[in-house]
Amino acid sequence: MWGCGARALLGVWEVRLAGFLGRRLLGSNAAAGKSIAPQCWNCGHAREVGCGDEFFCSHCRALQPPDPTRDYFSLMNCNRSFRVDVTKLQHRYQQLQRLVHPDFFSQKSQTEKHFSDKHSTLVNDAYKTLQAPLTRGLYLLNRKNLLTI
């Protein structure tokens, strides 16, 4: 029904509208319900989802951006409950900081330095929140949409 020129113009407007609204366009695979594996920002290699901590690309070993949808419990390998093994939590905190602390990325690219800073901040926030019973309880209630802060 529409010519190639009209379809191309429509595509440009979709891109501009998506950018204006601050959203990413869905590709044909995503629109069809198929998930697209995230790619490494450095080498473009498809990242493996669901294995390990997913902090580094398995192909080039570049530090990847933090997952904004990941909650503190999964980051710190804890059960989503009020009871948390504080010793295990502290061990996991130290383990993660040895992986992502900005001091270990001083000779890396600006992108990896930035990601390291973001990861380290996220790990610190998760540890502080889950370490104290009050903040842990508030976080649990907030995650279950029972509390709005």
Side-chain angles (χ1 to χ4, degrees), residues 10-149:
L10 181 61
V12 168
W13 279 107
E14 285 177 343
V15 170
R16 285 188 180 170
L17 180 60
F20 176 74
L21 296 175
R23 298 181 180 147
R24 287 185 284 151
L25 282 176
L26 293 175
S28 58
N29 286 340
K34 299 175 186 174
S35 63
I36 300 172
Q39 292 183 335
C40 172
W41 65 270
N42 189 42
C43 69
H45 193 264
R47 290 175 31 205
E48 298 169 12
V49 179
C51 64
D53 287 323
E54 302 170 6
F55 288 107
F56 298 92
C57 173
S58 62
H59 187 69
C60 70
R61 300 300 301 156
L63 184 64
Q64 298 301 300
D67 181 0
T69 62
R70 192 168 188 185
D71 73 333
Y72 291 169
F73 289 100
S74 67
L75 178 66
M76 302 305 280
N77 283 349
C78 295
N79 293 329
R80 282 183 190 84
S81 74
F82 185 73
R83 293 184 185 192
V84 170
D85 183 350
V86 181
T87 306
K88 181 182 170 188
L89 180 69
Q90 184 177 16
H91 183 271
R92 175 68 174 167
Y93 169 74
Q94 291 169 346
Q95 176 189 32
L96 289 176
Q97 285 296 10
R98 282 191 297 267
L99 281 176
V100 299
H101 195 275
D103 289 348
F104 300 120
F105 290 86
S106 62
Q107 302 298 315
K108 299 288 186 174
S109 69
Q110 280 301 119
T111 304
E112 282 186 283
K113 287 178 187 177
H114 175 72
F115 291 155
S116 170
D117 187 45
K118 294 291 184 190
H119 276 293
S120 186
T121 300
L122 185 64
V123 169
N124 284 334
D125 290 346
Y127 178 68
K128 288 177 186 174
T129 299
L130 298 183
Q131 184 181 29
L134 178 61
T135 55
R136 183 183 328 130
L138 292 172
Y139 182 75
L140 267 171
L141 290 173
N142 193 6
R143 293 295 293 182
K144 293 184 183 236
N145 293 326
L146 298 175
L147 175 72
T148 55
I149 297 177

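Just the heavy atoms: all of them, side chains too, but no hydrogens, waters or symmetry mates, feed the values below.
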Evaluate the criterion side-chain hydrogen bond (donor to acceptor under 3.5 Å, both in side chains) for residue pair Thr69 and Asp67; output intermediate values, then yes/no. CA-CA 5 Å; Thr69 62; Asp67 181 0; 2.7 Å; yes
Would you sort out whether Gln97 and Asn124 count as a side-chain hydrogen bond (donor to acceptor under 3.5 Å, both in side chains), showing the intermediate values? CA-CA 9 Å; Gln97 285 296 10; Asn124 284 334; 2.8 Å; yes
Worked check of side-chain contact (heavy atoms from CB on, under 4.5 Å) between Asp71 and Arg80: CA-CA 10 Å; Asp71 73 333; Arg80 282 183 190 84; 2.7 Å; yes
Stepwise, does the side-chain contact (heavy atoms from CB on, under 4.5 Å) test hold for Lys108 with Ser116? CA-CA 10 Å; Lys108 299 288 186 174; Ser116 170; over 6 Å; no
Please test Tyr93 against Val123 for side-chain contact (heavy atoms from CB on, under 4.5 Å), starting from the C-alpha separation and ending with a verdict. CA-CA 7 Å; Tyr93 169 74; Val123 169; 3.6 Å; yes
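The aromatic rings of Phe115 and Trp41 sit perpendicular to each other, their planes meeting at more than 60°, with 30° as the lower class boundary. Ring planes of His59 and His45: parallel class, angle under 30° (limits at 30 and 60°).
Glu112 and Ala62 make their closest contact through OE2-CA, 3.4 Å (heavy atoms, listed as atom of the first residue, atom of the second, distance). Minimum interatomic distance between Ser106 and Lys113 (heavy atoms only, all atoms of both residues): O-CE, 3.2 Å. The shortest non-hydrogen separation linking Phe56 to Leu99 is CZ-O, 3.7 Å. Between Arg70 and Ser74, the closest heavy-atom pair is CG-OG, 3.1 Å. Of all heavy-atom pairs between Tyr139 and Thr129, the closest is CB-CG2, 3.6 Å. Cys57 and Gln64 get closest at one heavy-atom pair: CB-NE2, 3.5 Å.
Note that NE2 of His101 is 12.5 Å distant from CD of Gln94, once rounded to the nearest 0.5 Å. Distance SG/Cys40 to CZ/Arg61: 10.5 Å, rounded to 0.5 Å. Rounding to the nearest 0.5 Å places CG of Leu63 at 10.5 Å from NE2 of His114. Taken from CG in Asp85 to CD in Gln90, the straight-line distance is 10.5 Å, to the nearest 0.5 Å. Annotation: the span from Met76 atom CE to Leu130 atom CG amounts to 6.5 Å, rounded to 0.5 Å.
Between the side chain of Thr135 and the backbone N or O of Ala132 there is at least one donor-acceptor pair closer than 3.5 Å.
Arg92 places a side-chain heavy atom less than 4.5 Å from the side chain of Leu96. Within the 4.5 Å cutoff, the side chain of Asn142 has no heavy atoms near those of the Leu138 side chain. By the 4.5 Å heavy-atom criterion applied to side chains, Leu140 and Phe73 are counted as neighbours.
Stacking of Arg136 on the aromatic ring of Phe82 is recorded, both the 6.0 Å distance cut-off and the 45° axial limit being met.
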